[in-house]
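Everything on this sheet refers to the single structure shown next.
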2 protein chains.
Amino acid sequence: MRPTMKDVALAAGVALKTVSRVVNGEPGVNPATAERVREAIERLGYSRNESARVLRRGRTATVGLVIEDVADPFYAGLSRAVEEVTIVEGCLLLSGSSGEKPARERELVRTFCARRVDGLIVVPAGDDHSYLRPELDAGTPAVFADRPPGPGLDVDTVLSDNAGGAMEAVGHLLAHGHRRIAMLGDHPSIFTAAERLAGYRSALGQLFDPRLVAMRAPTPETVRTDLERMLALDSPPTALFTGNGRLTVTALRALGGRRMGLIGFDDFELADLLSPGVTVVAQDPAGMGRVAAELLFRRLSGDGGPSEHVQLPVRLIPRGSGELSP
Amino acid sequence: MRPTMKDVALAAGVALKTVSRVVNGEPGVNPATAERVREAIERLGYSRNESARVLRRGRTATVGLVIEDVADPFYAGLSRAVEEVTIVEGCLLLSGSSGEKPARERELVRTFCARRVDGLIVVPAGDDHSYLRPELDAGTPAVFADRPPGPGLDVDTVLSDNAGGAMEAVGHLLAHGHRRIAMLGDHPSIFTAAERLAGYRSALGQLFDPRLVAMRAPTPETVRTDLERMLALDSPPTALFTGNGRLTVTALRALGGRRMGLIGFDDFELADLLSPGVTVVAQDPAGMGRVAAELLFRRLSGDGGPSEHVQLPVRLIPRGSGELSP
DNA sequence: TTGAAAGCGCTAACAC
DNA sequence: GTGTTAGCGCTTTCAA
């Protein structure tokens, strides 16, 4: 069907290896011969079969990326940054969304490994990564982003300063006079959610009140219910800290214009256009992707040093909602 | 390094072919033998080398997706839908962002083809796709989404009803009493931008005024400049039609709370939370991705019928900004 | 039910 | 400079 090197060699009247040399830009080919080969390539519409090349060389020039959901702006930004670095390094990106399901994460990683990706960047959904052991031992490096791997796996990680960001957010609300500060977070089995809860708690100290905390997978209904319950308390919250971008938006809808101190973890588009503007603790998804990818490519180029653990700073952006008084 | 079928065969005391049969679930293997093989596979941590398999079989079980930018919510939604279908079909997704650069689109397609993807889904950046001819001839089907291919290429397409949506938007503003309706759109060399401009123009008829139209790659500065120019006219616009999601958001910022009729093409998160809510013509990015992917897989399973051209409906969602009177 | 041999398209190692 | 040979790990074909 498609022409092969052999076909090109035949057409150009040279040996197969000469075609290979031309295709790969190897030195030591007579310019005239090379020209003849190039002409045959053009004429036959030849393009190198990468599968064969990969099989022979052992490197696929492909990186696998497992995230939670490409349709989530945070992970979309991360993906784009990973892709950017990957392209520069001459590699391609295989990617897949786990949808927060450990089984799917595992399935994706397995599939990527069967395709012999050179390396992996994983935003884990589960917390048992023992299945990665053989792959790591076989020399496929992995970098974990956003969340660390389960116990027993010593790999590079790139995480945001989740606890610090939450502390800063709550501290900011405290500084503006709030004493009853509620938190809506994702299920604490998710690393980032647990870290942010820890930061929230430590910033509140004595003021901590478990009735002002709701941690579970958010839907419009659960958020509404949780908020209503809290607002019906004897001393209701005057401010709210939301544990991720989706929660912030859902909470804004549930609040329906009710005036209340609010700081959300994660920045989101249009946060500045709402009134009041929404104060957020901004992460840097693109930075996270870039750093993770660069770390991976350093490993791929032979860096065998001890595993690195990068913590990315977060940034509080005051826009109004976090500066309301109680 | 990694164990091969040969290693497994040796360990299990069978021939290589028997291992192959077990790995691929082919019938006609003695259960006891199969068990022995499985045990050896487990013990050695064997996993099939897909590159070798691909080389032999000719099919990669991989689909290539070229979009404009994963970090754009529209394309992120499309990607996720494509991924969904792809996974169900047992394939993997290679994807890349063209960043609206024809050269990069071409490069990505080339690279994907060199990896022998089974099929392609392309949101084109350029309008010359003659380079795809050899790939199509070699039997790699392609589906174009969001925008059609350049002239001379007869492939399946999945497009939104861009002109119809624009007409509906402008008609809606007219019905609410507006007569001076401006349009901000992307550069008309982009298919969707041109189509939406055509719809705008045809809905306006005699009311069309070229001074109320600005079509160019949007940046905060250009949008601000264009709007200021229009608003300084003797009879300034009382309403605005924006040609895509990014433009809508940028225009909202530039307007800075100024009360003005507004309908944007593309829905966006939080459009309902602004005040007034932003009326939009919503596309269905996930539907587009799904339909394109399904079309591709129908081709892959042998459907050789004439090329299909799906047009997806759009939906006007009134939220307030499009219902303001002049 | 099992196995031996050939070969997918390419690159590495070595002649010439 | 150029060509020959071997073999990457698998599936296909055919034989036992």
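Predicted model, so just to flag it, every value in this text is computed and none were measured. Per chain, numbering begins at 1; letters A, B, ... match sequence-line order.
Between A:Arg36 and A:Glu39, no side-chain nitrogen of the basic residue sits less than 4.0 Å from a carboxylate oxygen of the acidic one, so the salt-bridge criterion is not met.
Residues passing the side-chain hydrogen bond (donor to acceptor under 3.5 Å, both in side chains) test with B:Arg290, sequence neighbours excluded: none. Listed by chain and residue number, nothing satisfies the side-chain hydrogen bond (donor to acceptor under 3.5 Å, both in side chains) test with A:Arg59 (two or more places apart in sequence, or in another chain). Taking A:Thr62 as the reference, B:Arg115 meet the side-chain hydrogen bond (donor to acceptor under 3.5 Å, both in side chains) condition, with sequence neighbours excluded. A search for side-chain hydrogen bond (donor to acceptor under 3.5 Å, both in side chains) contacts involving B:His187 returns B:Ser189, not counting sequence neighbours. Among residues two or more places apart in sequence or in another chain, the salt bridge (Lys or Arg N to Asp or Glu O under 4.0 Å) test is passed with A:Glu83 by B:Arg104.
Not a single donor-acceptor pair under 3.5 Å links the side chain of B:Gln311 to the backbone N or O of B:Val158. Side-chain atoms of A:Thr111 come within 3.5 Å of backbone atoms of A:Glu107 as a donor-acceptor pair (strictly under, hydrogens ignored). Under the 3.5 Å distance criterion, the side-chain polar atoms of B:Arg48 are left unmatched by any main-chain donor or acceptor of B:Ser20.
Within residues 19-35 of chain B, the residues having any heavy atom under 4.0 Å from DNA chain C are, by residue number, B:Arg21, B:Gly28, B:Val29, B:Asn30, B:Thr33. Residues from residues 40-52 of chain A with heavy atoms under 4.0 angstrom of DNA chain C, sorted by number: A:Tyr46, A:Arg48, A:Asn49, A:Ala52. Taking a 4.0 Å limit (strictly below) on heavy-atom distances, residues 5-12 of chain B reaches DNA chain D at B:Met5.
On the nucleic acid side, DNA chain C contacts chain B at distances under 4.0 Å to non-hydrogen atoms, with the end points of that region at C:dT1 to C:dG9.
Rounded to 10°, the angle separating the first-five-pair axis and the last-five-pair axis of the helix from C:dT1-D:dA16 to C:dC16-D:dG1 equals 40°.
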Output a table of donor-acceptor pairs, distance under 3.5 Å, between side-chain atoms of residues 72-81 of chain A and any protein atom two or more places apart or on a different chain; print 'none' if there are none.
unit_1, atom_1, unit_2, atom_2, d
A:Asp72, OD1, A:Phe74, N, 2.8
A:Tyr75, OH, A:Asp146, OD2, 3.0
A:Tyr75, OH, A:Arg147, NH2, 3.4
A:Ser79, OG, A:Tyr75, O, 2.9
A:Arg80, NE, B:Asp69, OD1, 2.5
A:Arg80, NH1, A:Glu84, OE1, 2.6

Validation: residues 116-125 of chain A side-chain donor-acceptor distances under 3.5 Å, sequence neighbours left out:
unit_1, atom_1, unit_2, atom_2, d
A:Arg116, NH1, A:Cys113, O, 2.9
A:Arg116, NH1, B:Ser47, OG, 3.3
A:Arg116, NH2, B:Ser47, O, 2.8
A:Asp118, OD1, A:Thr60, N, 3.0
A:Asp118, OD1, A:Thr60, OG1, 3.2
A:Asp118, OD2, A:Ala61, N, 2.8

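When the nearest nucleotides of DNA chain C are assigned to A:Pro3 and B:Val14 by heavy-atom distance, the more 5′-ward of the two goes with B:Val14.
Atom pair B:Leu16:CG and D:dG9:P shows a separation of 11 Å (rounding to whole Å applied). A straight line from CZ of B:Arg57 to P of D:dC10 spans 13 Å, rounded to a whole angstrom.
Side-chain nitrogen and oxygen atoms of A:Thr18 include none within less than 4.0 Å of the OP1 or OP2 phosphate oxygen of D:dT2.
Using a 4.5 Å heavy-atom threshold, the side chains of B:Ser307 and B:Asp156 count as touching. Taking 4.5 Å as the limit, every side-chain heavy atom of B:Lys17 sits out of range of all side-chain heavy atoms of B:Met5.
When all heavy atoms are compared, the tightest approach of A:Phe297 to A:Val85 is CD1-CG1, 3.9 Å.
In the set D:dG9, D:dT12, D:dC10, D:dG9 carries the atom at the smallest distance from any side-chain atom of A:Leu55.
In this structure, A:Asp127 places its CG atom where only 12 or fewer heavy-atom neighbours from other residues, nucleotides or ligands lie under 6.0 Å away.
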